[in-house]
Number of protein chains: 2
Amino acid sequence: MKDILKDLNKAFENRVRLGIMSALIVNEALTFNDLKSLLGVTDGNLASHIKSLEKSKYVSYIKSFIDRKPNTEYRVTELGKKAFESHLSAIERLLKG
Amino acid sequence: MKDILKDLNKAFENRVRLGIMSALIVNEALTFNDLKSLLGVTDGNLASHIKSLEKSKYVSYIKSFIDRKPNTEYRVTELGKKAFESHLSAIERLLKG
DNA sequence: CAGAGTACTTTGTAACACAAAGTTATCTAA
DNA sequence: TTAGATAACTTTGTGTTACAAAGTACTCTG
């Protein structure tokens with residue numbers, strides 16, 4: 001496969017993961033439920049996509065209790081931010097021929 | 001699923017199809033072999049992705065013989081152009097929060 | 001300890017991506 | 001008229017992915 005496609009990061013090909021990344025770049029920190037209602041996906045589906053982004057070290061989390069409820073905050077890592085940016089610029093290059 | 005993701009067109013989620021559409025929007029008309037070497041994919045893979053875009057009426061083709069060789073020219077349809085543009089603007093909206 | 005809420009994990013299934021090999025069609029050259 | 005070349009597919013098989021639904025673990029309150 002040529003570079004023109006190779007530069008597109010497969011981790012961001014899926015719409016849910018694209019949504020997670022965009023949301024986290026815009027919002028800095030979001031909970032599981034924030035993402036769930038923002039994206040409108042099921043628990044399991046969201047969890048698995050988050051997990052794959054964690055595995056790539058693109059997303060990190062901090063667990064705590066807030067208002068006596070479990071609260072997991074997700075953030076993009078520096079690596080994630082960079083990877084996402086270069087994915088976007090790969091798309092731009094693609095579109096400009 | 002929320003609108004934020006629903007506006008992303010699943011037909012363009014795949015990298016190869018994204019590449020085909022971009023190439024055809026920039027280039028107006030390309031042959032099977034043009035696309036094949038541009039994207040660096042196998043015959044079968046390319047054919048199946050083109051077929052799915054044809055099925056959505058996003059791409060059309062004209063078959064002929066040029067230089068005594070079979071020549072299939074692919075183009076984006078108006079529908080395809082519009083669909084692709086609104087996909088891109090959905091991505092933009094997503095990124096701007 | 002029951003119940004509620006968050007955040008998962010497991011399970012099962014259907015869709016998808018892809019390479020490799022096989023097929024069809026139309027030409028040229030002998 | 002038939003063998004060979006090339007383009008453009010189609011078929012087949014396999015591994016990967018996406019997803020919903022159901023189940024589980026944890027930690028709180030009453």
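Computation of the quantities below employed the complete heavy-atom set of this structure, encompassing side-chain atoms and omitting hydrogens, waters and symmetry-equivalent molecules. Residue numbers start from 1 in every chain, and the chains themselves are labelled A, B, ... in the order their sequence lines are given, proteins ahead of strands.
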### Query
Under 4.0 Å: is that the gap between some side-chain N or O of A/Thr72 and OP1 or OP2 of C/dA7?
yes

#### Entry: Short side-chain N/O contact from A/Asn45 to OP1 or OP2 of D/dA20, under 4.0 Å
yes

### Query
Excluding sequence neighbours, so at least two apart, what forms salt bridge (charged side-chain N to carboxylate O under 4.0 Å, His left out) with A/Glu54?
none

### Message
List the residues meeting salt bridge (charged side-chain N to carboxylate O under 4.0 Å, His left out) with B/Lys36, not counting sequence neighbours, and say none if there are none.
### Response
B/Asp43

### Task
Note the angle between the end axes of the helix from C/dC1-D/dG30 to C/dA30-D/dT1, five pairs defining each, rounded to 10 degrees.
0°

Side chain proximity check, [X] to [Y], heavy atoms < 4.5 angstrom:
X: A/Ile50; Y: A/Leu35; answer: yes
X: A/Leu39; Y: A/Ile20; answer: yes
X: A/Val26; Y: B/Lys96; answer: no

### Query
Between CG of A/Leu88 and CZ of A/Arg93, what distance do you get to the nearest 0.5 Å?
11.0 Å

Partners passing side-chain contact (heavy atoms from CB on, under 4.5 Å) against [X] (at least two apart in sequence or in another chain):
X: A/Asn71; result: A/Thr31, A/Ser64, A/Ile66, A/Glu73
X: B/Glu28; result: B/Arg75
X: A/Ser86; result: A/Ser89

[X], nearest nucleotide to its side chain (from [options]):
X: B/Asn14; options: C/dC8, D/dA18, C/dA17; answer: C/dA17
X: A/Tyr74; options: D/dA8, D/dC19, C/dA7; answer: C/dA7
X: A/Asp43; options: D/dC19, C/dC8, D/dA20; answer: C/dC8

### Message
I need the full list of ring pair (Phe, Tyr, Trp, His ring centres under 6.0 Å) pairs touching residues 31-56 of chain B, with sequence neighbours left out, sorted by first then second residue.
### Response
none

### Message
Test: ring pair (Phe, Tyr, Trp, His ring centres under 6.0 Å). Region: residues 62-88 of chain A. Which pairs qualify, not counting sequence neighbours?
### Response
A/Phe12-A/Phe84, A/Phe12-A/His87

### Query
Which residue, B/Thr42 or A/Lys63, contacts DNA chain C at a nucleotide closer to its 5' end, judged by nearest heavy atom?
A/Lys63

### Message
What is the distance, to the nearest angstrom, from the CG atom on A/Leu39 to the C1' atom on D/dC19?
### Response
14 Å

### Summary
Taken to the nearest whole Å, CG/A/Leu35 to C1'/C/dT6 is 13 Å

### Query
Counting only N and O atoms by type, is there a donor-acceptor contact under 3.5 Å from the side chain of B/Thr77 to the main-chain atoms of B/Ser60?
no

### Task
Spell out, as yes or no, whether a donor-acceptor pair under 3.5 Å connects the side chain of B/Arg15 to the backbone of A/Glu13.
no

### Task
Using a cut-off of strictly less than 4.0 Å between a heavy atom of the residue and any atom of DNA chain C, enumerate the qualifying residues of residues 46-59 of chain A by number.
A/Ala47, A/Lys51

#### Entry: DNA chain C contacts made by residues 26-34 of chain A, counting heavy atoms under 4.0 Å
A/Phe32, A/Asn33

### Query
Sequence neighbours excluded, which residues qualify as side-chain hydrogen bond (donor to acceptor under 3.5 Å, both in side chains) partners of A/Asn27?
none

### Task
For A/Arg17 and for A/Gly44, find the nucleotide of DNA chain D with the closest heavy atom, then tell me which residue's nucleotide is more 5'.
A/Arg17

Produce the list of close N/O pairs, under 3.5 Å, pairing protein atoms with atoms of nucleotides 28-30 of chain D; give distances to one decimal.
from: D/dT29; atom 1: OP1; to: A/Arg68; atom 2: NE; distance (Å): 2.7

